[in-house]
Number of protein chains: 2
Amino acid sequence: MVAVEEPVVHDQVFHEPNGRDCRLVGDILARVGDKWSMLVVMTLLDAPLHFNELKRAIRGVSQQMLSRNLRALERDGLLTRTVHVGVPVRVEYALSDLGRSLAGPVQALGAWAVEARPAIEASRAAFDRELDKI
Amino acid sequence: MVAVEEPVVHDQVFHEPNGRDCRLVGDILARVGDKWSMLVVMTLLDAPLHFNELKRAIRGVSQQMLSRNLRALERDGLLTRTVHVGVPVRVEYALSDLGRSLAGPVQALGAWAVEARPAIEASRAAFDRELDKI
DNA sequence: CGGAATCCTCCAGGATACTG
DNA sequence: CAGTATCCTGGAGGATTCCG
């Protein structure tokens, strides 16, 4: 079975007639929505950091995922990786201009999150209470 | 093993001294970042829809995931679900005010995505080319 | 120090079939 | 029409170990 069938989801990037950018956005949201990427971006907003500095700054992340995310972000051009030779080796991660430009929209979403949280939690509680009654 | 250990990631909501809302945002980003939720929100922005109308509007989604997402969004208070009794039954999904308020930030991110895409894809191509050379 | 490699688990998400 | 139930797969993400 080698996928002879017609392309499904990811190939129809703009499926809406009225210029909405839905699918593309979905793609980006997937990147933005993963557990650590935006945390990395936000952390690097203040200053460039070394690997272990980052790992300490973002508590709870495994080296595994931090490493993966950093590579992915570098691949996307959102940050730069520069190796400083020496003993010990030091690698510096810094936001690129593209990466910095992402901070605005993300912070907007963050602001929304902060403001909406009480309403969301109240709604969840109410919803769950209804379920228990039944 | 009943998780006696100290709380790890999700309990430290604000771990940064300087008022940044990192963890909380991460939580919201996870919701926002899943494959279909924001597509639902964006689709309902124009008008309320019935289940199958939604399913048709968002091509490629399974009933399974659409159903799950709708319930999750309803639970969070982002949309309302009203059953119109009759034959056949009709259920209408509509954005709540809270849900509508989310559209702004998401569209901002969408705009960024559209603008940044060429740069991102160029960066990816360059990155992958480097790998092939080695 | 900055990773790569390996192994494992959990869950988002798809496909299909059934129900009221 | 609007779901729920069941089964299955890939990949995100964690833990641990090894390496230059």
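We name chains A, B, ... by the order of the sequence lines, and we start the count at 1 in each one.
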Review point. B:Arg56 or A:Val89: which one's nearest nucleotide on DNA chain D is closer to the 5' end?
Key: B:Arg56
Practice item. Calculate, to the nearest 0.5 Å, the distance between atoms CG and CD1 belonging to B:Leu39 and B:Ile58 respectively. Key: 5.0 Å
Exercise for review: Check whether the side chain of A:Gln64 and the base of D:dT17 form a donor-acceptor pair under 3.5 Å.
Suggested key: no
Check your understanding: If only atom types and distance count, is the side chain of A:Arg100 paired as donor or acceptor with the main-chain N or O of A:Leu95 below 3.5 Å?
Key -> yes
Review point. Which whole-number value in Å describes the distance from B:Asp34 CG to D:dG13 P?
Key: 13 Å
Review point. Taking OP1 and OP2 of D:dC1, is either one under 4.0 Å from a side-chain nitrogen or oxygen of B:Tyr93?
Key: no
Review point. Atom CG of B:Leu66 and atom C1' of D:dT4: how far apart are they, to the nearest Å?
Key: 14 Å
**Study point:** Atom-to-atom span, CG of A:Leu54 to P of C:dC1 - whole angstrom
**Key:** 14 Å
Point to revise | Spacing between B:Leu39 atom CG and C:dG13 atom C1', to the nearest angstrom | key: 15 Å
Review point. Distance check: side-chain N/O of A:Ser67 vs OP1/OP2 of C:dA4, anything under 4.0 Å?
Key: yes
Review point. For A:Asn69 and C:dG2, what is the distance between atoms CG and P respectively, to the nearest whole Å?
Key: 17 Å
Point to revise | Residue-phosphate contact under 4.0 Å: A:Arg81 side-chain N/O, C:dG2 OP1/OP2 | key: no
Check your understanding: So which nucleotide from C:dG14, D:dA12, C:dA4 ends up closest to the side chain of B:Ser62?
Key -> C:dG14
Revision key, fill the gap. When rounded to whole Å, the CE to P distance for the pair A:Met65 and C:dG2 reads 19 Å
Check your understanding: Is the distance from OP1 or OP2 of C:dG14 to the nearest side-chain N or O of B:Lys35 less than 4.0 Å?
Key -> yes
**Study point:** Among C:dG2, D:dA2, D:dG13, the nucleotide that comes nearest once only the side chain of A:His50 is considered
**Key:** C:dG2
Revision key, fill the gap. With the side chain defined as heavy atoms from C-beta on, A:Trp36 is closest, among C:dG2, D:dG14, C:dG13, to D:dG14
**Study point:** Euclidean distance, atom CG of residue B:Leu49 to atom C1' of D:dG3 [Å, nearest integer]
**Key:** 17 Å
Study note, to complete from the structure: Nearest-nucleotide check on DNA chain C, B:Gly33 vs A:Arg90; residue mapping nearer the 5' end is A:Arg90
Review point. If Ile, Leu, Val, Met, Phe, Trp and Tyr residues are connected whenever their side-chain heavy atoms lie under 4.5 Å apart, and connections chain through other members, are A:Leu45 and A:Met38 in the same group?
Key: yes
Practice item. Report the distance from atom NZ of A:Lys55 to atom OG of A:Ser67, rounding to the nearest 0.5 Å. Key: 11.5 Å
Exercise for review: Calculate the interatomic distance between B:Lys55 atom NZ and C:dG13 atom C1'; express it in whole Å.
Suggested key: 13 Å
Check your understanding: Which listed nucleotide (C:dG13, D:dG14, C:dC1) is nearest to the side chain of A:Asn52?
Key -> C:dC1
Point to revise | Approximate separation, where rounding is to 0.5 Å, of B:Leu44 CG and B:Leu54 CG | key: 5.0 Å
Review point. Closest nucleotide of DNA chain C for A:Arg71 versus for A:Arg68: which of these residues is on the 5' side?
Key: A:Arg71
Check your understanding: In terms of side-chain heavy atoms of A:Gln63, which of D:dC1, C:dA12, D:dT17 is nearest?
Key -> D:dT17
Revision key, fill the gap. Side chain to side chain donor-acceptor pair (under 3.5 Å) with B:Arg90: of B:His50, B:His84, B:Glu53, only one passes, and it is B:His50
